[in-house]
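The model shown is predicted, which means the values in this text are computed figures rather than measured ones.
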Amino acid sequence: MADVRFGIIGLGRGRKAAEQIVAAEGATLVCVSDLQEDKAKEKGEEHGCEWTTDYKEMLVRDDIDVVGVYTSSGTHCDYAVEVLKAGKHAFVTKPMDILVEKCDSAIAAAKEAGKILAVDFGNRYDVENQRLKAAISEGVIGQVFLGDVKMKWWREQSYYNGGYPMGWRSRKETEGGSIANQGVHFVDLIYWILGPVKEVYGRSATLGHDIETEDISIAQLTFQSGAWGLITTTTSNYPHLGTTLEISGTKGTIRWSQRRKGQGGGIEILTKDNEPVDLSQFEIPGTPKDIAEDMVSAITKGTAPVVSGEEGRKSVEIFCGVYKSAETGVPVALNQ
């Protein structure tokens, strides 16, 4: 079978996606696009593919099957809709978008076009995370009653002032904030592990930067299972302490931590009987290792993408609920 032929829009985070495509069996990177000509040319030459500063050129090509979108957060679904209407499959980086309504538009466009829409959440492809989810599902820590995310990150003001177009991370029209941008990785992770969310109650503020978006959010969650959740995200915490996720059950606790390279992290399982738990005992069916392998499998074999548009929408619904609650001062019910 011929290779699945890829295009990429946006070469910030899209640089990694391009590398994954080049490395994936059954995939060919045909063209990359970026508004900055030097960046587009550099990556095109590095990977031996074509490059352009006008993404629309890719949409009319017959030799591209699927396009990945790695632009500013508030534009993901706008581009995805264009890709889908052009008759190509689409995938977007996290978050799926910053508005639920835009997610719905992209989902509808995919259905109308009969094409695949996926969202690139790296944590879902991690084998240890898959085993962790399986362990919890099999009752290693008993009945889960609490999930607690603490994301305490540091971002300089220059992070918000820079980028291309300049300052996009600081503006509400193109970005969300600490829970929508950085924190969405862990919003998705806790949703994936604990299941659908019934209600959120949140607070958000801008306390450490000169930006339109928030740099601290705190949310209380009630899951449909009856479990409770707490999410704290900030980009104003000095020093950068990384992220910790703790899942509490009636028989023990699982502590998941992620820090910067060289600072440790990992998964710790603490049970009442003090018996060690080997996560490798939990068999994981062949899951793609990244978005490139995922899309190749979905397109050529008809497998479901690891995170479909409908699934990617869930984390957007959660953080939008947090923002709405912060504005109104009352809990927000979700329909997940």
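- Using cut-offs of 30° and 60° for the angle between ring planes, the W153 and H240 rings count as tilted.
- E214 contributes a side-chain N or O that, together with a main-chain N or O of S178, makes up a donor-acceptor pair within less than 3.5 Å.
- The backbone N or O of V296 sits less than 3.5 Å from a side-chain atom of T300, completing a donor-acceptor pair.
- A side-chain donor-acceptor contact under 3.5 Å links S137 to the backbone of K133.
- Contact detail for K172 and I98: the closest heavy-atom pair is O-CD1, 3.5 Å.
- A chain of hydrophobic side-chain contacts below 4.5 Å, direct or via other Ile, Leu, Val, Met, Phe, Trp or Tyr residues, connects V322 to W192.
- Note that OH of Y201 is 13.0 Å distant from CG of L230, once rounded to the nearest 0.5 Å.
- Y191 OH to K314 NZ: the interatomic distance, rounded to the nearest 0.5 Å, is 5.0 Å.
- No donor-acceptor pair closer than 3.5 Å links the side chain of E246 to the backbone N or O of T253.
- Side chain of K94 to backbone of N181: a donor-acceptor contact under 3.5 angstrom is found.
- Minimum heavy-atom separation, G309 to M96: O-SD, 3.3 Å.
- A salt bridge links E50 and R61; the closest N-O separation between the charged side-chain nitrogens and carboxylate oxygens is under 4.0 Å.
- A salt bridge links E46 to K43: at least one charged side-chain nitrogen sits closer than 4.0 Å to a carboxylate oxygen.
- Without hydrogens or angle criteria, D34 side chain to L11 main chain gives a donor-acceptor distance under 3.5 Å.
- Side-chain atoms of S236 and H209 include a donor-acceptor pair closer than 3.5 Å.
- V22 and I299 fall within a single hydrophobic cluster, where Ile, Leu, Val, Met, Phe, Trp and Tyr side chains are chained together by heavy-atom contacts under 4.5 Å.
- In plain terms, the two heavy atoms of T206 and E212 that are nearest each other are OG1-O, 4.3 Å.
- Pairs of residues two or more places apart, or lying in two chains, that qualify as ring pair (Phe, Tyr, Trp, His ring centres under 6.0 Å) and include a residue from residues 39-65 are Y55-Y79.
- Remark: H89 NE2 to D65 CG distance equals 6.5 Å, nearest 0.5 Å.
- Across all their heavy atoms, C103 and C77 have their closest contact at CA-SG, 3.8 Å.
- Put simply, the side chain of S248 does not reach to within 4.5 Å of the side chain of D148, judged on heavy atoms.
- Looking at T53, its side chain never comes within 3.5 Å of a backbone N or O of E37 through a donor-acceptor pair.
- Atom CG of D97 sits about 8.5 Å away from atom SG of C320, to the nearest 0.5 Å.
- Ion pairing between a basic and an acidic side chain is recognised when a charged N comes within 4.0 Å of a carboxylate O; R131 and E128 show such pairing.
- Note that CD of E112 is 14.0 Å distant from CD1 of I107, once rounded to the nearest 0.5 Å.
- Heavy atoms only, all atoms of each residue included: M58 and S33 are closest at CE-CB, 3.7 Å.
- V316 approaches L99 most closely through the heavy-atom pair CG1-C, 3.9 Å.
- Contact check for T75 versus W168: no side-chain heavy atoms found under the 4.5 Å cut-off.
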(request) Please report the C-alpha distance between Q220 and W228 in whole Å, then the side-chain angles of each, then the deciding distance to 0.1 Å, and finally whether the side chain to side chain contact (heavy atoms under 4.5 Å, CB included) criterion is met. (result) CA-CA 7 Å; Q220 298 175 358; W228 288 4; over 6 Å; no
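- Here the side chain of S315 pairs a donor or acceptor atom with the backbone of G312 at under 3.5 angstrom.
- Under the 4.5 Å side-chain criterion, counting only non-hydrogen atoms from C-beta, C49 is not in contact with V30.
- Within the 3.5 Å criterion, the main-chain N or O of D210 finds a donor-acceptor partner in the side chain of Q157.
- No side-chain donor-acceptor contact under 3.5 Å links D294 to the backbone of P288.
- Applying the ring pair (Phe, Tyr, Trp, His ring centres under 6.0 Å) test to every pair with at least one member in residues 108-151, sequence neighbours left out, gives no pairs at all.
- Residues Q258 and F186 have side chains in contact (heavy-atom distance under 4.5 Å, counting atoms from C-beta outward).
- Note on L279: it clusters hydrophobically with I193, by side-chain heavy-atom contacts below 4.5 Å among ILVMFWY residues.
- Taking CG of L146 as the reference point, atom OG1 of T250 lies at 12.5 Å (rounded to 0.5 Å).
- For residues 184-202, the salt bridge (charged side-chain N to carboxylate O under 4.0 Å, His left out) pairs, not counting sequence neighbours, are R124-D188.
- A donor and an acceptor atom, one from each side chain of E57 and T52, are located under 3.5 Å apart.
- Side-chain contact check for H76 versus T93: some heavy-atom pair is nearer than 4.5 Å.
- Cation-pi geometry between R155 and Y160 is not met at under 6.0 angstrom from the ring centre and within 45 degrees of the axis.
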